[in-house]
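Counting starts at 1 for both ligands and their atoms, following the listed order. The analysis underlying the following values was restricted to heavy atoms, covering all of them including side chains, and did not include hydrogens, waters or symmetry mates.
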Amino acid sequence: MAAAAFLCARAAAALRPPSRGLSRRLLASRVAAASSSGEGGGGVEFQGKVGFLGLGIMGAPMASNLIKAGCDVTVWNRTKSKCDPLLSLGAKYEPSPAEVASSCDVTFAMLADPQSAAEVACGAGGASEGLAPGKGYVDVSTVDGATSKLIEERITSTGASFLEAPVSGSKKPAEDGLLIFLTAGDESLYKRVAPLLDVMGKSRFYLGDVGNGAAMKLVVNMVMGSMMVSFSEGLLLSEKVGLDPNTLVEVISQGAISAPMFSLKGPSMVKAAYPTAFPLKHQQKDLRLALALAESVSQSIPTVAAANELYKTAKSLGLADHDFSAVIEALKTKAESSQQQ
Ligand SMILES: NC(=O)C1=CN([C@@H]2O[C@H](COP(=O)(O)OP(=O)(O)OC[C@H]3O[C@@H](n4cnc5c(N)ncnc54)[C@H](OP(=O)(O)O)[C@@H]3O)[C@@H](O)[C@H]2O)C=CC1
Ligand SMILES: O=CC(=O)O
């Protein structure tokens with residue numbers, strides 16, 4: 001096992017950063033807080049090298065926070081240029097997921113969807129080719145339970161252990177180390193990587209068997225996707241009846257249905273600006289997976305089904321890579337076409 005060792009803590013919640021990203025100093029304070037937190041008898045220790053596969057909107061800041069916390073991190077990304085900012089921070093590079101997994105003790109993966117998560121874990125040159133007993137693989141991508149179980153089977157067939165750990169929280173929480181981890185799978189791996197989760201997140205849930213983390217994430221995101229559609233409908237209707245949608249955002253923010261998401265996205269939605277934090281294509285993927293999950297237990301989720309159709313329309317309008325709040329544009333298009341009829 002490599003020499004890299006560091007301490008960190010669940011108690012880090014008290015040390016939340018005031019602005020974008022965690023500074024090295026603040027991450028160092030988290031480490032210091034761990035030593036004095038008393039959790040598990042005087043802080044939690046992780047020893048070893050950490051791999052990180054997938055450096056998109058979420059993966060890059062998560063890996064960056066691990067590096068800033070003092071971890072020995074090795075990265076890989078399909079588009080190699082996205083590794084450069086991490087290499088500047090001190091990360092190492094390996095040319096394939098297999099080589100990352102073989103050179104690290106624990107490897108995290110943050111991929112776009114079920115297909116890419118399975119490919120990177122199980123495909124040619126995939127992580128499973130570099131895994132062995134004693135190593136761990138933690139998939140933090142949002143996928144369905146069946147994909148997660150398939151990955152688990154392949155990973156554990158190498159003797160390594162597997163944890164699924166999708167996250168709730170978007171680009172800014174990832175930058176600020178404020179994610180919520182929804183984990184399931186190998187409990188000893190969960191305990192082993194807890195210090196790393198605590199660097200990247202503000203809380204973590206252990207939910208039992210593989211599939212439960214994926215299911216929890218899909219349920220959360222189906223609620224989020226429907227909320228965004230309902231909010232979009234409200235913004236458009238308020239404008240149409242002569243109200244100022246900015247006032248609607250303010251009114252909502254003060255009442256029982258206030259949500260950080262509305263306050264955060266509302267003002268830019270009013271200006272028809274959708275800077276990407278959570279790509280619309282990923283929200284639609286999550287609704288598609290949630291619908292399949294509901295169907296597997298014969299539950300009807302008609303609101304989610306209707307929301308999904310709107311996200312599909314938004315994708316067909318070329319908005320897949322915009323923030324998911326751009327779903328409001330699909331409603332505008334529908335309104336225009338019904339006016340023309
Ligand atoms: N953005 C958000 O707010 C949140 C996203 N999530 C989930 O996290 C995951 C990642 O999201 P996010 O970072 O936003 O997504 P991005 O689209 O920014 O990044 C996706 C990553 O997957 C890689 N990838 C895609 N296809 C393949 C493939 N076939 N083989 C290898 N690598 C591939 C991309 O590589 P390349 O750079 O080469 O394209 C990139 O590293 C998704 O499952 C998403 O649903 C969860 C919580 C919040
Ligand atoms: O998956 C998206 C999020 O914001 O959480």
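For residues 63-92, no residue pair satisfies the ring-ring contact (aromatic ring centres under 6.0 Å, His included) rule, not counting sequence neighbours. Screening residues 108-133 for salt bridge (Lys or Arg N to Asp or Glu O under 4.0 Å), with sequence neighbours left out, gives no hits.
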- [ ] Determine, stepwise, if the pair K312 / N308 fulfils side-chain hydrogen bond (donor to acceptor under 3.5 Å, both in side chains).
- [x] CA-CA 6 Å; K312 281 162 63 182; N308 184 44; 5.9 Å; no

Does the side-chain hydrogen bond (donor to acceptor under 3.5 Å, both in side chains) test come out yes or no for T333 and E336, once each step is laid out? CA-CA 5 Å; T333 303; E336 275 162 24; 5.1 Å; no

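Sorted by chain then number, the residues whose non-hydrogen atoms approach ligand 2 to under 4.0 Å are S168, G169, S170, K217, N221, M224, F278. For ligand 1, the 4.0 Å heavy-atom shell contains residues G54, L55, G56, I57, M58, W76, N77, R78, T79, K82, M110, L111, A112, S116, E119, V120, T142, V167, G169, S170, K171, K217, A277, F278, P279, H282, K285.
Cation-pi geometry between K281 and F324 is not met at under 6.0 angstrom from the ring centre and within 45 degrees of the axis.
Using modelled atom types, one side-chain atom of T156 and one backbone atom of E152 make a donor-acceptor pair closer than 3.5 Å. Side chain of K217 to backbone of V167: a donor-acceptor contact under 3.5 angstrom is found.
With T142 as reference, L218 is the one residue of L182, L111, L218 to meet the side-chain contact (heavy atoms from CB on, under 4.5 Å) rule.
Using a 4.5 Å cut-off on side-chain heavy atoms (C-beta onward), L280 and Y274 make no contact.
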